[in-house]
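Have a look at the structure below before the remarks.
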Amino acid sequence: MSAVSSRLPVFPWDRLEPYKATAASHPDGIVDLSVGTPVDPVPAVIQQALAAAADSPGYPTVWGTAALRDALTGWAERRLGARGLEHTNVLPVVGSKELVAWLPTQLGLGAGDKVAYPRLAYPTYEVGARLAGAEPVVYDEPTELDPAGLKLLWLNSPSNPTGRVLSPEELRRAVAWAREHGVLVVSDECYLELGWEAEPVSVLHPDICGGSYEGVIAVHSLSKRSNLAGYRSAFLAGDAAVLGELLQIRKHGGMMIPAPVQAATVAALADTAHVTEQRARYAARRSALRTAFEGAGFRIEHSEASLYLWATRDEPCWDTVGELSKRGILVAPGDFYGAAGERFVRIAFTATDERVEAAVRRLAE
């Protein structure tokens with residue numbers, strides 16, 4: 001039996017463990033800015049909805065409750081400007097990483113097919129292509145890709161890791177090119193609620209997709225906006241034909257969000273107060289860390305959105321990681337996200353206020 005894992009790159013975070021150990025040995029403890037995992041409490045309104053639905057002995061459905069589908073279409077219309085969404089235009093998924101990793105397989109892609117994604121990108125786009133046996137292809141500008149064999153085009157705005165936001169014109173151009181060549185566009189928009197110096201736009205907005213969802217899907221997650229990474233709640237919105245096919249496959253695969261999490265998702269999408277409060281926390285942490293790192297000789301590029309600062313000291317990224325670990329600060333090396341990041345590090349501002357303050361002090365020493 002062949003090992004599927006042999007198709008995959010080394011899991012990048014394992015390489016960071018020695019540096020994590022060094023940072024953890026700091027007398028005042030580690031400041032972990034390497035992973036963008038939420039650390040603030042799950043909002044009370046969401047916890048209450050989860051608890052109220054705790055008595056859920058039966059199997060949930062893959063498509064979710066009607067209330068969940070109403071919540072998904074309603075939020076996409078209010079927040080993304082999408083128009084005329086029906087239940088057939090949405091599909092809940094068990095966290096966005098699961099979706100990214102398995103989408104090429106569920107689309108039936110394989111040998112001879114290509115999956116394209118940005119040159120600097122979330123590593124799971126490549127993993128998904130390799131799991132399916134398809135060819136991963138990177139791009140700087142999607143419309144310059146060779147369309148031969150290209151079946152899936154990933155967009156990512158705001159970007160992980162750089163925080164770059166694609167302009168409406170860039171999004172329109174990518175969608176039009178993909179439609180011309182029969183390529184499915186899947187836009188990872190999980191950081192859309194976290195624009196700081198730019199206002200991210202969804203591919204579902206009529207100014208981008210022309211009011212038609214044909215060949216276009218957006219991926220959204222509640223992990224960042226609502227501190228729900230532990231709940232594994234995300235969803236797709238867009239092309240009904242593609243989502244209908246995915247629904248049938250996912251029914252057979254048992255890929256269902258637990259019923260209490262479905263109820264919590266409905267509550268989360270109905271409430272904007274907690275999103276505003278969390279944005280304010282992140283804005284303060286972002287400002288403090290940006291000032292501190294710039295004061296320590298770093299240059300910040302892009303970073304106009306998302307939960308990260310894309311920073312460089314014009315040296316190999318692992319040198320930067322090593323030096324910061326001696327101060328008890330752990331960051332992610334840029335080459336986790338592609339060779340083009342080899343002189344950058346990604347700095348998450350998801351640590352607690354107390355840990356952010358500790359990092360600021362250490363950078364000033």
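In this chain, residues are counted from 1 in sequence order.
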**OP:** Could you grab the distance from atom SG of C209 to atom CZ of R179, nearest 0.5 Å is fine?
**Re:** 6.0 Å
Original post:
With a cut-off of 6.0 Å (strictly less than), are more than 12 heavy atoms of other residues, nucleotides or ligands near CH2 of W63?
Top reply: yes
Subject >> Any donor-acceptor N or O pair under 3.5 Å, side chains D70, H87 >> reply: yes
Subject >> Worked verdict on I46 versus Y231 for side chain to side chain contact (heavy atoms under 4.5 Å, CB included) >> reply: CA-CA 11 Å; I46 301 174; Y231 283 43; 4.0 Å; yes
Subject >> Validation row, ring centre Y282 to ring centre W196 under 6.0 Å >> reply: no
Subject >> Option from R279, R79, H220, Q278 for which side chain to side chain donor-acceptor pair (under 3.5 Å) with E193 holds >> reply: R79
Original post:
Do the side chain of T291 and the main chain of S287 share a donor and acceptor less than 3.5 angstrom apart?
Top reply: yes
Original post:
For E189, does its backbone N or O pair with a side-chain atom of S187 as donor and acceptor, under 3.5 Å?
Top reply: no
**OP:** Could you verify whether a donor N or O on one side chain and an acceptor N or O on the other, from H302 and R164, lie under 3.5 Å apart?
**Re:** no
Original post:
For G341, does its backbone N or O pair with a side-chain atom of D335 as donor and acceptor, under 3.5 Å?
Top reply: no
Original post:
Do you know the tightest heavy-atom contact between R362 and V31?
Top reply: NH1-CG2, 3.6 Å
**OP:** Of all the heavy-atom pairs spanning I300 and A311, show the shortest one and how long it is.
**Re:** CD1-CB, 3.6 Å
Subject >> Y59 atom OH: more than 12 heavy-atom contacts under 6.0 Å >> reply: no
**OP:** Please round to the nearest 0.5 Å and tell me the distance separating atom CG of D140 and atom OG1 of T143.
**Re:** 11.0 Å
Original post:
When rounded to the nearest 0.5 angstrom, what is the spacing between CD in E126 and CG in L131?
Top reply: 10.5 Å
Original post:
With the 4.5 Å side-chain cut-off for hydrophobic clustering, are L72 and L228 part of the same group?
Top reply: yes
Original post:
Under 4.5 Å between any side-chain heavy atoms of V331 and S34, yes or no?
Top reply: no
Subject >> Closest non-hydrogen atom pair between P104 and L152, with its separation >> reply: CG-CD2, 4.0 Å
Residues 107-118 side chain polar contacts: donor-acceptor under 3.5 Å, at least two apart:
from: D113; atom 1: OD1; to: K151; atom 2: NZ; distance (Å): 2.8
from: D113; atom 1: OD2; to: G110; atom 2: N; distance (Å): 2.9
from: K114; atom 1: NZ; to: A148; atom 2: O; distance (Å): 3.4

Subject >> NZ/NE/NH1/NH2 to OD/OE distance under 4.0 Å, R361 and E365 >> reply: no
Subject >> Verdict with reasoning, R299 to D314, per salt bridge (charged side-chain N to carboxylate O under 4.0 Å, His left out) >> reply: CA-CA 8 Å; R299 184 176 74 254; D314 295 311; 3.0 Å; yes
**OP:** Side-chain contact test, heavy atoms from C-beta onward, threshold under 4.5 Å: evaluate it for L68 versus P92 and give yes or no.
**Re:** yes
Original post:
Applying the salt bridge (Lys or Arg N to Asp or Glu O under 4.0 Å) test to R355, which of D32, D28, D40 qualifies?
Top reply: D28
Original post:
Tell me, do T350 and P38 make a side-chain contact under 4.5 Å, heavy atoms counted?
Top reply: no
Original post:
Quick one: does NZ or CZ of R285 land under 6.0 Å from the six-membered ring centre of F349, within 45 degrees of the ring axis?
Top reply: no
Subject >> W154/Y122 under ring pair (Phe, Tyr, Trp, His ring centres under 6.0 Å): CA gap, chis, key distance, verdict >> reply: CA-CA 11 Å; W154 282 104; Y122 184 47; 8.9 Å; no
Original post:
Can you find a heavy atom in the side chain of L184 that is under 4.5 Å from one in the side chain of L153?
Top reply: no
Subject >> Minimum-distance pair of heavy atoms, taken over all atoms of V356 and A288 >> reply: CG1-CB, 4.2 Å
Original post:
Got a second to check how far R281's CZ is from T276's OG1, nearest 0.5 Å?
Top reply: 11.0 Å
**OP:** Give a yes-or-no answer on whether the side chains of T88 and E86 include a donor-acceptor pair shorter than 3.5 Å.
**Re:** no
**OP:** Check the pair F298, T312 against side chain to side chain contact (heavy atoms under 4.5 Å, CB included), reporting the backbone distance first and the verdict last.
**Re:** CA-CA 5 Å; F298 285 81; T312 182; 5.9 Å; no
**OP:** Examine Y19 together with W318 and report whether their ring centres are nearer than 6.0 Å.
**Re:** yes
**OP:** Examine the side chains of Y337 and R346 and answer whether a donor and an acceptor come within less than 3.5 Å of each other.
**Re:** yes
**OP:** Kindly indicate whether the side chain of V360, heavy atoms from C-beta on, has any atom under 4.5 Å from the side chain of E357.
**Re:** no
Subject >> L247 side, atom CG; H252 side, atom NE2 - distance, nearest 0.5 Å >> reply: 10.0 Å
Original post:
Nearest 0.5 Å, what's the NE2-CZ distance between H274 and R225?
Top reply: 4.5 Å
Original post:
How are the rings of W310 and F344 set to each other: parallel, tilted or perpendicular (split at 30° and 60°)?
Top reply: parallel
Original post:
Any side-chain donor paired with an acceptor under 3.5 Å for S167 and E169?
Top reply: no
Output a table of donor-acceptor pairs, distance under 3.5 Å, between side-chain atoms of residues 238-246 and any protein atom two or more places apart or on a different chain; print 'none' if there are none.
from: D239; atom 1: OD1; to: A241; atom 2: N; distance (Å): 2.9
from: D239; atom 1: OD1; to: V242; atom 2: N; distance (Å): 3.3
from: D239; atom 1: OD2; to: G215; atom 2: N; distance (Å): 2.6

Original post:
Looking at V42 and Q47, what are the two nearest heavy atoms and their distance?
Top reply: O-NE2, 2.7 Å
**OP:** Could you label the plane-to-plane angle of the H181 and W177 rings as parallel, tilted or perpendicular, counting under 30° as parallel and over 60° as perpendicular?
**Re:** tilted
Original post:
So, the side chain of N156 versus the backbone of P158: is there a donor-acceptor pair under 3.5 Å, distance only?
Top reply: yes
**OP:** Heavy atoms only: give me the nearest A234-S96 pair and the separation to one decimal.
**Re:** CB-N, 3.5 Å
**OP:** Verify the neighbour count for atom CD of E214: are there more than 12 heavy atoms of other residues, nucleotides or ligands below 6.0 Å?
**Re:** no
**OP:** In sequence, state the C-alpha distance, the side-chain angles, and the governing distance for Y125 and V186, and then conclude on side chain to side chain contact (heavy atoms under 4.5 Å, CB included).
**Re:** CA-CA 11 Å; Y125 302 136; V186 183; over 6 Å; no
